[in-house]
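The block underneath contains the structure these notes are about, expressed in structure tokens.
As a basis for the values below, the full set of heavy atoms in this structure was taken, side chains included, without hydrogen atoms, waters or symmetry mates. Order of appearance sets the numbers: ligands from 1, and atoms from 1 within every ligand.
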Amino acid sequence: MYKLEKFENGFEYITVKNEAASAKIALQGGHIFEYIKEESKNLLWLSEQSAFEEGVAIRGGIPLCWPRFGSLDESLPQHGFARTELFRLLEVKEINATTTEVLLGLSDTPFTRQIWNHRFHLQLSIRVSQTLQLSLSTENLEDEAFMITEAFHTYFTISAIKNIVIKGLEEKPYYDSLLDCRSKESQSLIIDREVDRVYQETDDTILLVDKEKTITLQTEGSSSSVVWNPWIDKCSKMSYMNKNAYKDFVCIESANAFDDFVIIKSKKKHTLSLVVSF
Ligand code: TA6
């Protein structure tokens with residue numbers, strides 16, 4: 001089943017439920033903020049202070065960073081405008097008893113053209129099943145090529161930050177946004193301080209190993225993976241985030257970020273896909 005619902009302030013979201021899982025997806029930003037399978041907790045961490053307000057990015061779930069990741073382009077907001085724009089609900093397909101696909105779309109508007117002067121169509125597919133699958137397709141409607149960077153900025157619920165290990169990034173080169181340097185590590189990643197890294201050449205599987213479960217991330221059309229945890233100091237300065245929230249989530253973001261920008265030719269498409277399983 002699926003239903004279009006509203007919070008008291010009119011903020012719209014879709015609830016999806018089938019025999020495998022349930023989900024909640026805000027029309028603003030095409031932003032999934034809940035995915036629950038069987039008796040588990042919400043796979044996606046959601047801040048208790050999340051604002052479900054027009055024009056304010058939800059803190060948690062899977063924000064879409066598009067047409068830019070980060071804040072290198074001064075004419076665009078941090079992580080681009082997609083996560084605060086209203087998507088259209090294109091279709092909901094109840095494929096079978098355990099799979100529901102939600103299709104959402106965003107096209108350029110006078111506002112978006114003002115800050116990013118390109119005509120585009122963005123289509124987001126979210127498949128809710130035993131796995132959670134996202135595909136973000138960018139179509140270039142222009143007569144010339146344009147460049148994007150992008151990410152599924154996924155916040156994962158974890159048992160505790162001290163319990164997790166991230167595998168699959170060993171020996172991968174990364175840009176350290178905190179130290180403004182490039183490096184690589186042979187060890188699997190544990191989080192015991194603020195971490196803000198853009199790993200490159202990450203087309204393999206990444207594992208988020210927690211105490212009771214291992215979450216697997218598989219991507220297509222993605223060359224970068226971002227790992228972020230604000231730790232104590234940054235967390236206390238983050239908007240819509242309790243000061244101790246750093247203990248409860250880690251972001252592993254499936255991306256094409258910084259040097260991994262994507263050039264999309266005229267009338268062509270590029271798709272970023274992610275499958276999350278556990
Ligand atoms: O993906 C990591 C990051 O770029 C961090 O530097 C931090 O800024 C985080 O995203 C959250 O950004 P936001 O704009 O959602 O507050």
Tell me, with the steps shown, if Ser266 and Asp143 meet side-chain hydrogen bond (donor to acceptor under 3.5 Å, both in side chains).
CA-CA 5 Å; Ser266 169; Asp143 295 331; 4.6 Å; no
Would you call the rings of Phe81 and Phe111 parallel, tilted or perpendicular, taking 30° and 60° as the class edges?
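Taking Phe111 first and then Phe81, their aromatic rings stand perpendicular (interplane angle over 60°).
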For this output row, return yes or no: ring centroids of Phe156 and Phe249 closer than 6.0 angstrom.
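Phe156 vs Phe249: aromatic centres not under 6.0 Å.
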How about Trp66 and Phe120: are their ring centroids closer than 6.0 Å?
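Centroid separation for Trp66 and Phe120: below 6.0 Å.
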Kindly give the cluster partners of Phe261, where membership spreads through any ILVMFWY side chain lying under 4.5 Å from a current member.
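Met147, Ile263, listed by chain and number.
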Check each of Phe33, Tyr13, Tyr240 against Phe52 using the ring pair (Phe, Tyr, Trp, His ring centres under 6.0 Å) test, and report the only one that passes.
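The option that passes is Phe33.
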Any idea which residues sit under 4.0 Å from ligand 1, heavy-atom distances?
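Lining ligand 1 at under 4.0 Å, by heavy atoms, one finds Arg59, Phe69, Gln78, His79, Arg83, His153, Asp196, Val226, Trp228, Met238, Glu253.
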